[in-house]
S.K.: 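Below are the structure tokens for one structure; questions will follow.
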Amino acid sequence: QIQLVESGGGLVQAGGSLRLSCVASGRTGSGYGMGWFRQAPGKESEFVSAISMSRNSIVYSDSVKGRFSISGDNAKNTIYLQMNDLKPEDTAVYFCTAKNGGLISRYRDSYDYWGQGTQVTVSS
């Protein structure tokens, strides 16, 4: 069992940047694939990006590819999501997630643990 805590959300103008962080605590020694989903008001949850435990495998959704960058620091049990060139359509609550085993997935149901979420608002 692990706990996930996100931080780094906020209000930014279009074209700006934010960096989200997610710290895992608890039984982190087992190894987890981790990632980010987001949910905008009135919309379904959307996959954003994920990174494997080894940090060698990374995937992005087409909507953020080239603008967002995911990374991880195993020593700190932390992953990051660097978000550049933000657009109003990026406005959402961003959730950190983790799945048992070291692999990753684009599918929400594959993940076992979720953070509380952090709000990202991009103004036009």
Side-chain angles (χ1 to χ4, degrees):
Q1 189 85 9
I2 64 170
Q3 295 77 45
L4 304 172
V5 178
E6 307 97 332
S7 62
L11 173 63
V12 64
Q13 289 188 332
S17 298
L18 284 173
R19 188 176 82 153
L20 305 184
S21 300
C22 173
V23 180
S25 61
R27 299 184 65 179
T28 57
S30 299
Y32 300 88
M34 298 180 69
W36 296 91
F37 282 71
R38 66 186 182 185
Q39 188 163 19
K43 295 188 176 181
E44 294 187 353
S45 178
E46 177 190 14
F47 170 77
V48 176
S49 182
I51 185 168
S52 64
M53 181 184 69
S54 69
R55 311 308 183 210
N56 291 332
S57 180
I58 290 174
V59 292
Y60 297 99
S61 68
D62 289 343
S63 61
V64 307
K65 193 176 297 182
R67 299 187 298 122
F68 290 12
S69 177
I70 192 170
S71 61
D73 184 337
N74 286 354
K76 296 182 178 179
N77 294 320
T78 301
I79 64 167
Y80 307 94
L81 186 68
Q82 178 66 43
M83 306 185 296
N84 298 327
D85 189 25
L86 282 161
K87 304 176 180 181
E89 51 263 43
D90 294 318
T91 295
V93 178
Y94 284 69
F95 295 91
C96 178
T97 187
K99 65 186 299 293
N100 294 314
L103 303 179
I104 53 178
S105 169
R106 295 176 180 266
Y107 301 100
R108 180 181 175 86
D109 290 346
S110 298
Y111 289 87
D112 302 294
Y113 308 100
W114 294 84
Q116 296 288 336
T118 185
Q119 176 71 47
V120 171
T121 303
V122 184
S123 63
S124 58

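Just so it is clear, the model here is predicted, and its values are computed rather than measured.
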S.K.: Can you give me the closest heavy-atom contact between A14 and P88, atom names plus distance?
M.R.: CB-CD, 4.1 Å
S.K.: Test: ring-ring contact (aromatic ring centres under 6.0 Å, His included). Region: residues 41-62. Which pairs qualify, not counting sequence neighbours?
M.R.: F37-F47
S.K.: With no hydrogens and no angle check, is any side-chain donor or acceptor of D85 less than 3.5 Å from a backbone partner on R67?
M.R.: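 Judged by distance alone, no pair lies under 3.5 Å.
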S.K.: Check whether R55 reaches the backbone of G72 with its side chain - one donor and one acceptor, N or O, closer than 3.5 Å.
M.R.: no
S.K.: Pairing donors with acceptors under 3.5 angstrom, does anything connect the side chains of E46 and S63?
M.R.: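 Short answer, yes.
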S.K.: Measure the SG-CD1 distance between C96 and I79 for me, rounded to the nearest 0.5 Å.
M.R.: 4.0 Å
S.K.: As an exercise, state the distance from OG1 of T91 to CD of Q119, rounded to the nearest 0.5 Å.
M.R.: 7.5 Å
S.K.: Can a salt bridge be assigned to the pair K87 and D90 using a cut-off of 4.0 Å between side-chain N and carboxylate O?
M.R.: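 No salt bridge links K87 with D90.
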S.K.: Which atoms form the tightest heavy-atom contact between I2 and A24, and what is the distance?
M.R.: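 Heavy atoms only, the tightest pair is CD1-CB, 4.5 Å.
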S.K.: Would you say L4 and F95 make side-chain contact, with heavy atoms under 4.5 Å?
M.R.: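 A side-chain contact under 4.5 Å is absent here.
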S.K.: Give the cluster check for V48 versus I58: same hydrophobic cluster or not, with ILVMFWY residues linked at side-chain heavy-atom distances below 4.5 Å.
M.R.: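 Same hydrophobic cluster.
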S.K.: As an exercise, state the distance from CZ of F68 to CZ of R19, rounded to the nearest 0.5 Å.
M.R.: 14.5 Å
S.K.: Give the cluster check for Y32 versus Y111: same hydrophobic cluster or not, with ILVMFWY residues linked at side-chain heavy-atom distances below 4.5 Å.
M.R.: no
S.K.: Between CD of Q3 and CD of Q116, what distance do you get to the nearest 0.5 Å?
M.R.: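 Between Q3 CD and Q116 CD, I get 11.0 Å after rounding to 0.5 Å.
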S.K.: What is the distance from atom OG of S49 to atom CE of M34, rounded to the nearest 0.5 Å?
M.R.: 11.5 Å
S.K.: What is the minimum heavy-atom distance between L18 and G8, and which atoms define it?
M.R.: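 For L18 versus G8, the nearest heavy atoms are CD2-O, 3.9 Å.
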S.K.: With rounding to the nearest 0.5 Å, note down the distance linking CD1 in I70 to CG in L81.
M.R.: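 It comes to 6.0 Å.
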S.K.: Taking all heavy atoms of R38 and all of V64, pick out the closest pair and write down the distance.
M.R.: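 For R38 and V64, the tightest heavy-atom pair comes out as NH1-CG1, 3.9 Å.
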S.K.: Decide side chain to side chain contact (heavy atoms under 4.5 Å, CB included) for L20 and E6; before the verdict, give the C-alpha distance in whole Å, the side-chain angles of both, and the deciding distance to 0.1 Å.
M.R.: CA-CA 7 Å; L20 305 184; E6 307 97 332; over 6 Å; no
S.K.: Going by heavy atoms in the side chains, are K99 and Y107 under 4.5 Å from each other?
M.R.: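 The answer is no, as the side chains (C-beta and beyond) never meet within the 4.5 Å cut-off.
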S.K.: Find out if a path of hydrophobic residues (ILVMFWY) with successive side-chain heavy-atom gaps under 4.5 Å connects W36 to V12.
M.R.: yes
S.K.: Show the nearest heavy-atom pair for residues Q39 and S45, with the distance to one decimal.
M.R.: NE2-N, 3.8 Å
S.K.: Decide whether Y113 and Y94 are clustered together by the hydrophobic rule: side chain heavy atoms of Ile, Leu, Val, Met, Phe, Trp, Tyr closer than 4.5 Å, transitively.
M.R.: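 Result: yes, single cluster for both.
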S.K.: Looking at every non-hydrogen atom in both residues, tell me the closest pair between R106 and S61 and how far apart they are.
M.R.: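 That closest heavy-atom pairing would be NH1-CA, 4.0 Å.
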